[in-house]
Amino acid sequence: SALDEIVRILGAERAFLFHLDEGDGGLAFQVGRDADGEDLDAPTGFSTTVLERVQNSCQPMVVSGAQEGAVLGSESVVVHDLRSILAAPLMVRDRLVGVIYLDNRLARGVFTEDDTEILLALGTHIGIALETARAAQLEIRVEAETQKRRLAESLREMIQALASTLDLDEVLERLLGAVTQVVAHDRASVFLLQGEQLHRVAPREVVEDSAVPGLRVELTADTVLSEVVETRETLVVRDRLRDARDSAMIGSPYRSLLGVPLISMDRVAGVLVLERSEPDAYSSSDAEIALTFAGQAGVAIENARLFGEVRRLATTDALTGLLNRRQFFAQAEREYSRWRRYGDRMAAAMIDVDHFKAVND
């Protein structure tokens, strides 16, 4: 845009902008425009001598024709018959950041000394704008790197926390605690898949605890959660009031919803649901971040469930579903110790069932 205005104001045929490469200290072509408003992919047939003199002196320069070019020792001015050239430094706080180069191959004397003042003034504004843009880009890159490091650290901490326990409740709590640090939400819930139902086992409310922990949702009754389970992909509901899919079974007053599958061993173990009060609260970036954390949690959830099943089988009689003999005595020891500590009353009951062999058979 700046070059288009410079070409129009000063009557140039072409305009090139070169920025100073901080690596090697040379001038690198950045952008070029012609009088028709077309992009110039690369500078051709221009005077490198003029560029170098402006760079070294940090002063503007006017060349009126081939003869003056010959005096300057600029071979390109003579060879390409450049009739008029105007170049000025781009300065920011007395520091060179680039050079603007204009030429006109049709007529001599197109540019005058007065034009140098105009180009210098425009160049100052362009230089400041470029530096502001570069500073903004640097800030964005720094923030992005900081965000990456923060995410990596949170993910590392969560992996360590998940690896240190086989208790399902602790796994779910640590998952929600880790997600809370990286994806904003007003409520977070984990729904574990049990047959054709999703069972809410770990709700966490930021404002008030209105979530029902034991809520069971039939997959056929909730198209939002069932879509996450079936597709195994994250799902963003930008505004539930305008979304045709039915998620009323969750019983949520929140407008935005992010559903993330918890996958382990090629099966969906459940769904992580994040909700916000305002609409359009979640982006695809939020979905990717949540999915990264959920991917690690899915394995931990499955391990905890398997461990819980093994522990249940080890302590439960398969036929009756009651605690087995070993677990009965372990529990009785705990009760007996509690009775001795607090001096409360304790009783034991034994029931004899007639013809129990028939049950066993």
Side-chain angles (χ1 to χ4, degrees), residues 1-140:
S1 297
L3 292 188
D4 284 342
E5 288 302 309
I6 289 172
V7 167
R8 181 183 64 81
I9 292 171
L10 298 178
E13 184 186 0
R14 303 182 305 174
F16 298 127
L17 190 150
F18 298 84
H19 73 268
L20 187 66
D21 190 328
E22 295 181 357
D24 59 15
L27 290 173
F29 173 73
Q30 184 163 341
V31 65
R33 299 283 282 180
D34 63 17
D36 296 325
E38 298 294 330
D39 285 329
L40 301 175
D41 296 332
T44 57
F46 70 103
S47 175
T48 56
T49 303
V50 172
L51 272 184
E52 291 169 357
R53 292 207 173 195
V54 172
Q55 177 185 0
N56 294 331
S57 66
C58 292
Q59 296 295 323
M61 186 173 183
V62 178
V63 178
S64 300
Q67 291 180 348
E68 190 174 349
V71 174
L72 292 171
S74 176
E75 187 176 323
S76 54
V77 172
V78 178
V79 171
H80 299 292
D81 193 23
L82 297 174
R83 304 295 179 91
S84 298
I85 300 173
L86 174 61
L90 295 176
M91 306 294 294
V92 176
R93 294 185 294 275
D94 298 327
R95 180 171 61 88
L96 180 75
V97 297
V99 173
I100 298 179
Y101 173 98
L102 314 178
D103 65 18
N104 192 309
R105 293 168 292 185
L106 302 179
R108 291 185 176 88
V110 171
F111 306 122
T112 66
E113 292 295 334
D114 292 337
D115 293 331
T116 62
E117 297 299 324
I118 298 174
L119 191 57
L120 274 175
L122 292 172
T124 299
H125 287 292
I126 294 172
I128 293 173
L130 287 175
E131 286 301 289
T132 302
R134 284 179 186 153
Q137 288 178 345
L138 178 61
E139 185 176 349
I140 291 171

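Q30 has its side chain out of reach of L3: every pair of non-hydrogen atoms, C-beta onward, lies at least 4.5 Å apart.
With values rounded to the nearest 0.5 angstrom, I6 atom CD1 is found 4.0 Å from I100 atom CD1. Atom-to-atom distance recorded for D41:CG and F29:CZ is 7.5 Å, nearest 0.5 angstrom. Atoms CD and CG, on E13 and L102 in that order, are 11.5 Å from each other to the nearest 0.5 Å.
Closest approach of F18 to L90, counting heavy atoms only: O-CD1, 4.5 Å. Across every non-hydrogen atom of A87 and V54, the tightest pair is CB-CG2, 3.8 Å. Considering all non-hydrogen atoms of both residues, P89 and P60 come closest at CD-N, 3.8 Å. The heavy-atom pair separating L27 from G98 by the smallest distance is CD2-CA, 4.4 Å. When every heavy atom of A15 is checked against every heavy atom of V7, the shortest pair comes out as CB-CG2, 3.5 Å.
A search for side chain to side chain donor-acceptor pair (under 3.5 Å) contacts involving E52 returns nothing, not counting sequence neighbours. Residues satisfying the side chain to side chain donor-acceptor pair (under 3.5 Å) test with D4, not counting sequence neighbours, are R33.
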Given side-chain contact (heavy atoms from CB on, under 4.5 Å), test I85 with V62 step by step and report yes or no.
CA-CA 6 Å; I85 300 173; V62 178; over 6 Å; no
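Without hydrogens or angle criteria, D34 side chain to D36 main chain gives a donor-acceptor distance under 3.5 Å. A donor-acceptor pair is defined here as one N or O able to donate and one able to accept, closer than 3.5 Å; such a pair exists between the side chain of Q55 and the backbone of G25.
In this pair, F16 and Y101 present their aromatic rings parallel. The plane angle is below 30°, not in the 30 to 60° band.
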Under 3.5 Å donor-acceptor pairs involving side-chain atoms of residues 113-124, not counting sequence neighbours:
| unit_1 | atom_1 | unit_2 | atom_2 | d |
| --- | --- | --- | --- | --- |
| D115 | OD2 | T112 | N | 2.9 |
| T116 | OG1 | E113 | O | 2.4 |
| T124 | OG1 | L120 | O | 3.0 |

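Results of the side-chain contact (heavy atoms from CB on, under 4.5 Å) test with M91 over V97, I126, L96 single out L96 as the only residue that passes.
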